Amino acid sequence: MASRRSAPLGAIYFARPVLEVAEAMLGCVVRHGATAGVIVETEAYHDSEAACHAHVGVTPRTHILFGPPGRAYVYRSYGIHALLNAVCEPEGVGAAVLIRALEPLEGIELMRERRGLERVEDLCSGPGKLTQALGIELRENGTSLVDGPVRFGSPVRARPEIEIGAGPRIGITKAADLPWRFAAPGNRSVSRPRL
DNA sequence: CATGGGATTGACT
DNA sequence: GTCAATCCCATGC
């Protein structure tokens with residue numbers, strides 16, 4: 001595996017069409033404090049389709065989604081879990097990439113403590129699991145992904161090594177037919193059902 | 001102000 | 001396979 005240094009992603013990276021960013025993000029690095037992981041699964045959400053929180057327009061909950069790209073949208077799911085998104089597209093468009101799974105890269109012992117689990121492939125194999133493992137909570141909502149507590153970095157692996165599969169998004173009832181989920185096929189850190 | 005529904009997970013049958 | 005936990009917030013009266 002060719003290894004390379006992960007360079008910080010600039011705000012311009014997130015300003016592109018959300019489907020393009022969701023696919024490009026596979027292989028990128030997410031870091032929070034001493035913990036970091038490689039993105040192996042994402043989903044795209046856009047205000048034009050009903051599954052996106054921004055579909056209802058600008059509200060206290062969704063105003064972050066319509067704000068400038070390159071910020072974190074973190075919300076509470078099922079009253080229990082914090083889910084991490086990267087706000088995309090130009091300001092005024094409500095769109096984001098949901099980070100659904102990571103391959104643990106750094107701080108694995110700390111992740112094990114936070115998750116109460118040992119198996120590396122169980123630490124970040126779901127959107128609620130990875131925020132628990134990295135210690136990301138609702139306080140990170142609205143913070144910059146460029147120079148805030150949670151940061152994104154470029155892929156650590158050469159592009160040809162990153163295989164990409166697409167399929168329908170998980171756990172939604174509206175617009176459930178759109179193939180806006182992207183994942184590294186066969187990667188053990190991807191959530192179920194794997195692509 | 002009351003209600004209801006989740007972009008989930010882990011435990012259990 | 002089923003199901004409960006738990007809370008934010010959009011919606012409607």
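All chains are named by letter (A, B, ...) in the order of the sequence lines, taking the proteins before the strands, and each is independently numbered beginning at 1. Quick caveat: nothing in here was measured; it's all calculated off a predicted structure.
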Engineer: 5' to 3' on DNA chain C, which nucleotides open and close the contacts with chain A (atom under 4.0 Å from a heavy atom)?
Structural biologist: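 First and last nucleotides in contact are C:dA5 to C:dT11.
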Engineer: For DNA chain B, report each stem as range with range, ordered by first number, or say none. Use Watson-Crick or G-U wobble pairs under 3.5 Å, at least 3 in a row.
Structural biologist: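 Counting only runs of 3 or more consecutive pairs, the stems involving DNA chain B are B:1-6 with C:7-12, B:8-12 with C:1-5.
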Engineer: Output a table of donor-acceptor pairs, distance under 3.5 Å, between side-chain atoms of residues 77-94 of chain A and any protein atom two or more places apart or on a different chain; print 'none' if there are none.
Structural biologist:
from, atom 1, to, atom 2, distance (Å)
A:Asn85, ND2, A:Tyr73, O, 3.2
A:Glu89, OE2, A:Val18, N, 2.8

Engineer: For nucleotides 3-13 of chain B, read 5' to 3', which letter fits each nucleotide if B means a protein heavy atom sits under 4.0 Å from the base, S means only the sugar-phosphate is that close, and - means neither?
Structural biologist: ---BBBSS---
Engineer: What pairs with A:Glu106 under side chain to side chain donor-acceptor pair (under 3.5 Å), at least two apart in sequence or on another chain?
Structural biologist: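 With neighbours one apart ignored, the set is A:Arg31.
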Engineer: Which residues pass the side chain to side chain contact (heavy atoms under 4.5 Å, CB included) test with A:Ala22, sequence neighbours left out?
Structural biologist: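 Partners of A:Ala22 by the side chain to side chain contact (heavy atoms under 4.5 Å, CB included) criterion, ordered by chain and then number, come out as A:Thr42, A:Ala44, A:Val97, A:Phe182.
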Engineer: With sequence neighbours left out, what residues match A:Arg192 under side chain to side chain contact (heavy atoms under 4.5 Å, CB included)?
Structural biologist: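 Side chain to side chain contact (heavy atoms under 4.5 Å, CB included) list for A:Arg192, sorted by chain: A:Arg194.
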Engineer: Can you give the donor-acceptor pairs under 3.5 Å from side chains of residues 171-178 of chain A to other protein atoms, not counting sequence neighbours?
Structural biologist:
none

Engineer: Any side chain to side chain donor-acceptor pair (under 3.5 Å) involving residues 142-153 of chain A? Give me the pairs, sequence neighbours left out, ordered by first then second residue.
Structural biologist: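 Qualifying pairs, neighbours excluded: A:Ser144-A:Asp147.
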Engineer: Which ring-ring contact (aromatic ring centres under 6.0 Å, His included) pairs, counting each pair once, include a residue from residues 4-45 of chain A, with sequence neighbours left out?
Structural biologist: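 Output for this query lists A:Phe14-A:Phe152.
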Engineer: Considering residues at least two apart in sequence or located in another chain, which fulfil the salt bridge (charged side-chain N to carboxylate O under 4.0 Å, His left out) criterion with A:Arg76?
Structural biologist: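 Counting only residues at least two positions away or on another chain, A:Arg76 forms a salt bridge (charged side-chain N to carboxylate O under 4.0 Å, His left out) with A:Glu137.
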Engineer: Which residues pass the side chain to side chain donor-acceptor pair (under 3.5 Å) test with A:Asp122, not counting sequence neighbours?
Structural biologist: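 Listed in chain order: A:Arg119.
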Engineer: Main chain of A:Pro17, side chain of A:Glu20: is a donor-acceptor contact present, judged purely on distance under 3.5 Å?
Structural biologist: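 Pair absent, no side-chain N/O of A:Glu20 close to backbone of A:Pro17.
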